[in-house]
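The next block holds one structure in the form of structure tokens; read it before the comments.
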Amino acid sequence: MSFDLIVKGGLLPDGRQADIAIAKGLIAAVEPGITAEAAEVIDATGKLVSQPLIDCHFHMDATLSYGTPRVNASGTLLEGIALWGELKKLQSREDIVARAMDYCRQAMGKGVLAIRSHVDVTDPTFRTVEGLLEVRDRIKGKMDLQLVAFPQDGWLRAPGAEAAVIRALDAGVDIVGGIPHFERTMADGAIAVRAACRIAAERGLMVDLHCDETDDPLSRHIETLAAETIAFGLQGRVAGSHLTSMHSMDNYYVSKLIPLIAEARVAAIANPLINITLQGRADTYPKRRGMTRVPELLAAGVTVAFGQDCVMDPWYPLGSGDMLDVAHMGLHVALMTGTDQMRRAFQMVTEAPAQVMGLNFGLHPGARGSLVVYDCATPIDALRLRPARTVVVSDGAVVARTAPAVTQAVL
Ligand code: FE2
């Protein structure tokens, strides 16, 4: 028996030491002491090996644009949306593609092999959609890019937005998006949620809505999203992104809401870097953290993933494409510093987003031959140190290598 690639001696996230053999782009064996021949052997002795890092909430049409045409002075979500409105009139399709490709290279070097990006379909020139469809084609075979048809300016609030969503889906965009809390009224938000679910049901697609990204405890579109998910039979195909209003909601109401989310099998995507900087802006002290109720959702059996959301764009001046930074911030904001909780935070940027995106990743025979080798031994050290991803393998081929930094300190 001969394999295409064997990763020797790595430590899996659960602590087992095993060799991983890959043939024809798929994992063929995960066991200690594989002696078969392989075209390439990677020595990962004593190093953590995991399935790929995944970012299931991003905005690739805006990334790496920081400062163009100006910075977000207030730091708020609403100024960010206004600033994006200015930027999208200025940028060419070539600008979008160049920045997105640059970002994909950075993220891939950090072990990210799949990204779900929202793409603003309310750009009348449609170059955001055309640009990211081109990027999806260009990175195919190395990185997976799922695109969400996202009407940034509102489904009802922006004239022609529903038609733009349908045009984007017809052009090959994968998923139905929305932003119900940005509609003019709660009632309009509910109409927008229902419309998104109806279109997804008609076309057999998934739904991922920006939902309740506000500190308003009465922003309850997630309730409508869960109910419509059940009504349209979309269980397991729907995600609610952000859900930050849940942070501020009445506890009794949440005790009813979380079981409904679990029943509808709606996944929750928290974006801790962004939630901690955009929410609570209008508070004096104490200032709310604004991230959704991650431990409580996990305890109810809801699939919860962490997303990056933004890197150097109208909403966020920082970010590096590193999902370990995202999980690091997430576990701090959610107070998840217990040993099992930190391990869970690592799963929230690997296993959970693979589930959300429907990707066959994992370190078991039959899964895609994609993995990451880290310059550390455990998932908790990966979160603590955010070390070099020394080797990144995508569908059986090495796509990135990073040499660990060498420090010489003299005492
Ligand atoms: Fe977002």
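For ligands, and for the atoms within them, numbers begin at 1 and follow the listed sequence. Residues take their numbers from the sequence shown, with the count starting at 1.
A 6.0 Å sphere centred on CZ of R16 holds no more than 12 heavy atoms belonging to other residues, nucleotides or ligands.
Protein-derived N/O/S atoms nearer than 2.8 Å to the Fe ion (ligand 1) total 4, waters excluded.
In this structure, the salt bridge (Lys or Arg N to Asp or Glu O under 4.0 Å) partners of D153, at least two apart in sequence or on a different chain, are K88. Partners of D395 according to the side-chain hydrogen bond (donor to acceptor under 3.5 Å, both in side chains) rule, which considers only residues two or more places apart in sequence or in another chain, are R368, S370.
In this structure, R220 forms a cation-pi arrangement with Y253, its terminal cationic atom sitting closer than 6.0 Å to the ring centre and no more than 45° off the ring axis.
Pairs engaging residues 178-191 under the side chain to side chain donor-acceptor pair (under 3.5 Å) rule: none recorded [sequence neighbours left out].
For the pair F58 and T63, the minimum side-chain heavy-atom distance is below 4.5 Å.
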